[in-house]
Amino acid sequence: MTVETTTTGILALIAVMTLVTLVTRFGGVFLMSFVTINPRIESFINTMASSVLIAIIVPMAFSGDAGSLAALVVTAVIMLAIKKPLPAIAAGIAAAGLVRYAGITAL
């Protein structure tokens with residue numbers, strides 16, 4: 001399937017992505033309204049976000065370029081040091097940008 005990169009095509013893609021996002025978010029809340037939250041379910045919900053994050057980060061750590069590795073290391077160090085996610089993420093983005101701007105491709 002291809003979509004033309006005209007203004008109409010791009011707006012159609014944005015509308016479809018918006019609809020899919022809304023359906024999954026509202027659908028999840030709707031389905032969870034039928035589930036009794038016990039300690040086991042609560043533990044699953046609390047650890048699910050971490051497992052998704054790890055599934056994204058681990059491949060990047062092993063097969064990413066120098067910029068992604070710098071972002072990972074800087075974000076982890078700052079997060080461990082100050083325990084605030086927003087400054088850690090900002091520093092990781094800045095580190096990736098600086099490494100890529102410098103033209104470093106491998107460590």
Side-chain angles (χ1 to χ4, degrees):
M1 179 177 137
T2 61
V3 177
E4 294 294 324
T5 54
T6 61
T7 303
T8 306
I10 292 171
L11 290 176
L13 281 174
I14 292 172
V16 168
M17 289 188 290
T18 302
L19 183 66
V20 168
T21 300
L22 287 173
V23 166
T24 56
R25 288 184 181 252
F26 290 142
V29 172
F30 176 72
L31 289 175
M32 286 304 292
S33 69
F34 297 107
V35 175
T36 304
I37 305 294
N38 57 35
R40 185 173 176 210
I41 300 287
E42 185 176 356
S43 173
F44 171 75
I45 292 169
N46 289 335
T47 57
M48 187 170 43
S50 299
S51 64
V52 170
L53 187 62
I54 289 170
I56 293 169
I57 289 175
V58 169
M60 183 177 66
F62 286 103
S63 65
D65 64 345
S68 61
L69 192 57
L72 179 63
V73 170
V74 168
T75 302
V77 168
I78 292 184
M79 188 64 192
L80 290 172
I82 64 174
K83 297 186 180 26
K84 293 183 188 256
L86 192 57
I89 292 168
I93 292 169
L98 288 172
V99 167
R100 289 178 179 153
Y101 181 74
I104 302 170
T105 57
L107 294 177

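No experiment lies behind these values; they were computed from the predicted model shown. Sequence positions, counted from 1, serve as the residue numbers for this chain.
- Hydrophobic clustering (side-chain heavy atoms under 4.5 Å, transitive across Ile, Leu, Val, Met, Phe, Trp, Tyr) groups Ile82 together with Val74.
- The environment of Leu86 atom CG is sparse: at most 12 non-hydrogen atoms of other residues, nucleotides or ligands sit within 6.0 angstrom.
- The two residues Ala70 and Val99 come nearest to each other via the heavy atoms CB-CG2, 3.7 Å.
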Inset, instruction - Start with the C-alpha distance between Ser68 and Asp65, add both sets of side-chain angles, then the distance that settles side-chain contact (heavy atoms from CB on, under 4.5 Å), and finish with yes or no. - result: CA-CA 6 Å; Ser68 61; Asp65 64 345; 3.1 Å; yes

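- Of the inter-residue distances, the one linking Leu53 atom CG with Ile57 atom CD1 reads 3.5 Å to the nearest 0.5 angstrom.
- In this structure, CG on Leu22 lies 12.5 Å from CE on Met17, to the nearest 0.5 angstrom.
- Put simply, the side chain of Ser63 never gets that close to the backbone of Met60: no donor and acceptor are under 3.5 Å apart.
- Under a 3.5 Å cut-off, the side chain of Thr24 and the backbone N or O of Thr21 do form a donor-acceptor pair.
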Legend entry - Asn38 vs Ile41, side-chain contact (heavy atoms from CB on, under 4.5 Å): CA-CA, chis, key distance, verdict: CA-CA 5 Å; Asn38 57 35; Ile41 300 287; 3.2 Å; yes

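- The hydrophobic clustering, which links ILVMFWY residues whose side-chain heavy atoms are closer than 4.5 Å, places Leu11 and Leu19 apart.
- Summarising the hydrophobic clusters (Ile, Leu, Val, Met, Phe, Trp, Tyr; side-chain heavy atoms under 4.5 Å, direct or chained), the residues clustered with Val58 are Ile54, Phe62.
- Across all their heavy atoms, Ile37 and Ile45 have their closest contact at CD1-CD1, 4.3 Å.
- Side chain of Ser33 to backbone of Phe30: a donor-acceptor contact under 3.5 angstrom is found.
- Cluster membership check: Phe26 does not share its hydrophobic cluster with Leu31, using side-chain heavy-atom separations under 4.5 Å among Ile, Leu, Val, Met, Phe, Trp and Tyr.
- A distance of 11.5 Å separates CG in Leu98 from CZ in Arg100, rounded to the nearest 0.5 Å.
- The shortest non-hydrogen separation linking Gly92 to Ala71 is O-CB, 3.2 Å.
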